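Shown next, in structure tokens, is the structure this report addresses.
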Amino acid sequence: FTGGGTFYQYQDVGPAINTSVGYGDEGLNLTVTMTGPTNYSATLTRRDGTSDSWTGTLTAAPEAFGAFNFNAGSGSSNDLFINSLSVVPEPSTIALAALGVLGIAVRALRRREV
């Protein structure tokens with residue numbers, strides 16, 4: 001959100017684009033799902049239920065997350081707060097991890113039988 005503006009914005013490889021979610025001071029929920037190495041879908045929802053969704057493209061696959069608050073004003077009421085952040089692995093990653101654990105267990109059992 002840019003001070004003096006009306007709507008929250010997002011920006012990936014192009015210029016900033018307004019969402020249809022107007023400014024509010026009650027908090028937001030942002031969900032970002034990677035749909036490819038550099039493609040994503042996102043949904044921004046205010047606590048009152050107002051939301052907007054979009055898709056976009058990044059210049060490279062994400063390697064880190066950063067958040068900042070610049071020129072919002074002084075005092076704690078203008079601070080940026082993140083109270084819940086999670087990275088959820090894609091289902092194929094979970095399946096590969098489970099398969100790896102199963103392979104280790106089978107190998108351990110075979111060694112026991114010898």
Side-chain angles (χ1 to χ4, degrees):
F1 185 82
T2 301
T6 304
F7 297 97
Y8 289 95
Q9 300 175 317
Y10 68 92
Q11 183 175 5
D12 45 35
V13 296
I17 298 172
N18 282 340
T19 68
S20 61
V21 178
Y23 174 77
D25 61 0
E26 71 279 350
L28 299 164
N29 183 34
L30 175 65
T31 302
V32 179
T33 302
M34 295 305 298
T35 58
T38 58
N39 299 325
Y40 70 92
S41 64
T43 300
L44 179 67
T45 307
R46 275 187 7 187
R47 291 184 66 190
D48 69 2
T50 304
S51 70
D52 193 6
S53 296
W54 65 92
T55 60
T57 303
L58 305 172
T59 57
E63 296 179 0
F65 170 81
F68 64 92
N69 186 12
F70 184 71
N71 281 343
S74 62
S76 62
S77 63
N78 293 304
D79 290 346
L80 170 67
F81 294 96
I82 298 174
N83 66 1
S84 179
L85 177 66
S86 62
V87 177
V88 180
E90 61 184 61
S92 63
T93 303
I94 296 170
L96 285 174
L99 188 59
V101 169
L102 180 61
I104 292 169
V106 167
R107 188 172 181 181
L109 287 173
R110 286 186 180 164
R111 282 187 177 173
R112 233 189 212 181
E113 293 174 358
V114 174

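Being a predicted model, the structure only gives us computed values, none of them experimental.
The OH atom of Y8 lies 4.5 Å from the CG atom of L28; values are rounded to the nearest 0.5 Å. Considering OG1 of T33 and OH of Y40, their distance stands at 11.5 Å, rounded to 0.5 Å. To the nearest 0.5 Å, the span separating CG on D12 from OG1 on T57 amounts to 6.5 Å.
Here the closest non-hydrogen pair linking D52 and S20 is OD2-N, 2.8 Å. When all heavy atoms of T38 and A61 are compared, the closest pair comes out as CG2-N, 3.6 Å. Between F1 and F7, the closest heavy-atom pair is CD1-O, 3.5 Å. Closest non-hydrogen pair, L58 versus V13, comes out as C-CG1, 3.7 Å.
Two residues are said to be in side-chain contact when any heavy atoms from C-beta on lie closer than 4.5 Å; T43 and L30 fail this criterion.
Screening residues 19-48 for salt bridge (Lys or Arg N to Asp or Glu O under 4.0 Å) gives E26-R46, R46-D48 as the qualifying pairs, with residues at least two apart or on separate chains.
For N18, the side-chain hydrogen bond (donor to acceptor under 3.5 Å, both in side chains) criterion is met by Q9, not counting sequence neighbours.
No option in T45, T19, L44, T31 other than T45 meets the side-chain contact (heavy atoms from CB on, under 4.5 Å) test with S51.
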